[in-house]
Amino acid sequence: MGMDFYARVRHILESIPSGRVATYGQIAELAGAPKRSRHVAKVLKSAGQALPWHRVLGAGGKIRTQPPDQQAQLLRLEGVLVSGERVSLKQFGWTISPLAFAD
DNA sequence: CCGATGACTCACG
DNA sequence: CCGTGAGCCATCG
């Protein structure tokens, strides 16, 4: 058997490039469990700074961490434009072939 | 086993 | 755009 969901999520998170963002739902889908976006959030919460947690946003590109300031700042440091608590997925959304994590 | 929980998401008003 | 409610599902006590 292969990696479990949590290991897959960590692996995927590590490949999000600086200056790009992904959503909880997108990560869950890539990890093969589209209904588990809440669990992706759980991984991020417990992983601390070991993972690029700031590059993950809620649906539509909204910052969900509370307070949102720190995440917004980290994103800006890598060139991501944050308007209010929003990031345009159109411009900064990470896109990758699902086949890249097909195993 | 049961109920509560959560960095979620979507539909609806 | 902002709730609200329902659906979701592993984890915890």
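Sequence lines set the chain letters: A, B, ... in the order given, protein chains first and strands last, and positions in each chain run from 1.
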Chemist: Are A:Glu78 and A:Arg20 close enough for a salt bridge, meaning some N to O gap below 4.0 Å?
Modeler: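 A salt bridge is absent here (no side-chain N lies under 4.0 Å from a carboxylate O).
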Chemist: In terms of heavy-atom contacts, does CD of A:Gln49 have more than 12 from other residues, nucleotides or ligands at under 6.0 Å?
Modeler: no
Chemist: Atom CH2 of A:Trp53 and atom P of B:dC8: how far apart are they, to the nearest Å?
Modeler: 13 Å
Chemist: Enumerate the ring pair (Phe, Tyr, Trp, His ring centres under 6.0 Å) contacts for residues 49-103 of chain A, please, sequence neighbours excluded, ordered by first and then second residue.
Modeler: A:His11-A:Phe101
Chemist: Could you state the interatomic distance from CG (A:Leu57) to CD (A:Gln71), rounded to the nearest 0.5 Å?
Modeler: 5.5 Å
Chemist: Say you draw a straight line from CG of A:Leu51 to CD1 of A:Ile12; how long is it, rounded to the nearest 0.5 Å?
Modeler: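 That separation rounds to 11.5 Å.
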Chemist: Roughly how far apart, to the nearest Å, are C:dC8 and B:dC12 at atom P?
Modeler: 15 Å
Chemist: Does A:Arg76 use its side chain to pair, donor to acceptor, with the backbone of A:Leu81 at less than 3.5 Å?
Modeler: no
Chemist: Taking OP1 and OP2 of B:dC8, is either one under 4.0 Å from a side-chain nitrogen or oxygen of A:Arg64?
Modeler: yes
Chemist: Supply the atom-to-atom distance A:Leu89 CG to A:Thr95 OG1, rounded to the nearest 0.5 angstrom.
Modeler: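 Rounded to the nearest 0.5 Å, the CG-OG1 separation comes out at 11.0 Å.
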Chemist: Enumerate the residues from residues 20-36 of chain A whose closest heavy atom to DNA chain C is under 4.0 Å, giving them by residue number; use none for an empty result.
Modeler: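 Close to the strand are A:Lys35, A:Arg36.
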Chemist: Nearest heavy-atom pair of A:Ser37 and A:Ala28: which atoms, and what distance?
Modeler: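 Distance-wise, the nearest heavy atoms are N-CB, 3.8 Å.
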Chemist: Using chain A heavy atoms and a threshold of under 4.0 Å, write down where along DNA chain C the contacts begin and end, 5' to 3'.
Modeler: C:dG7 to C:dT11
Chemist: Tell me which of A:Arg38 and A:Lys42 sits closer to the 5' end of DNA chain C, going by the nucleotide each one is nearest to.
Modeler: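 First, find each residue's nearest nucleotide; the 5'-ward one identifies A:Arg38.
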Chemist: I need the CG-P distance between A:Leu57 and B:dA7, as an integer number of Å.
Modeler: 15 Å
